[in-house]
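Below is one structure, written out as structure tokens, with a few remarks after it.
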Amino acid sequence: MADYYGQQHTQHQQLNPVQQPRSHQMVKAATAVTAGGSLLVLSGLTLAGTVIALTVATPLLVIFSPVIVPAVITIFMLVSGFLASGGFGVAAISVLSWIYRYVTGKRPPGADQLEHARHRLATKAGEMKDRAQEFGQQHVTGTQQG
């Protein structure tokens, strides 16, 4: 009987967790309201500053746009070109380094797959050569009989 009441009591505790005192709940609510309100005020100030800056900057952008737009496009193309050439240079150096290690027998990563592919290509080439010779023999014997 005591076990039954003990089980009921523990099940009741699991369903309803221990309530925190009201003072803790009030402190949590006050902290949440203060933090939320502060962030809301900051976001409003940021929005107002953005609108003011856009209002001041729009006439300047309109006046200087014939100079700014081509300058931005030129700078973008220059930066893109330098980044692309640098990337291609790094890729070329890494490929040449891999080839050097492969040729000198140091077995770089991927060399096994390359050897396997080369072997399969050589096998297929030999099979195609044999088929071509058979086809040539059939064609020659077929024309001689006809």
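Heavy atoms only: backbone and side chains are in, while hydrogens, waters and symmetry mates are out. We number each residue from 1, following the sequence as shown.
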Pair Glu127 + Lys124: basic N to acidic O under 4.0 Å: yes
What about Val69 and Leu61, same hydrophobic cluster or not, with Ile/Leu/Val/Met/Phe/Trp/Tyr joined at side-chain heavy-atom distances under 4.5 Å? no
For Ser65 and Pro70, which heavy atoms make the closest approach, and how far apart are they? O-CD, 3.9 Å
Give, for atom OG1 of Thr104 and atom CD1 of Ile99, the distance between the pair rounded to the nearest 0.5 Å. 11.5 Å
List the steps and the verdict of side-chain contact (heavy atoms from CB on, under 4.5 Å) for Arg118 and Glu115. CA-CA 5 Å; Arg118 190 169 60 120; Glu115 291 292 330; 2.7 Å; yes
In Å, rounded to the nearest 0.5 Å, how long is the span from OG1 of Thr58 to CG of Leu54? 4.0 Å
Rounded to the nearest 0.5 angstrom, the NZ-NE2 distance for Lys28 and His24 is 8.5 Å
Are the side chains of Leu40 and Ser43 in touch, meaning some heavy atoms are under 4.5 Å apart? yes
When you measure from the side chain of Trp98 to the backbone N and O of Pro109, does any donor-acceptor pair fall under 3.5 Å? yes
Backbone of Ile93 reached by a side-chain donor or acceptor of Ser97 within 3.5 Å: no
Tell me whether Ile68 shares a hydrophobic cluster with Ile63, the cluster being built from Ile, Leu, Val, Met, Phe, Trp, Tyr side chains joined at under 4.5 Å. yes
Grouping ILVMFWY residues whenever side-chain heavy atoms fall under 4.5 Å, the cluster of Ile75 otherwise contains Val79, Leu83
Straight-line distance of Leu78 CG to Ile73 CD1, nearest 0.5 Å: 12.0 Å
Asp112 meets the side-chain hydrogen bond (donor to acceptor under 3.5 Å, both in side chains) criterion, sequence neighbours left out, with Arg107
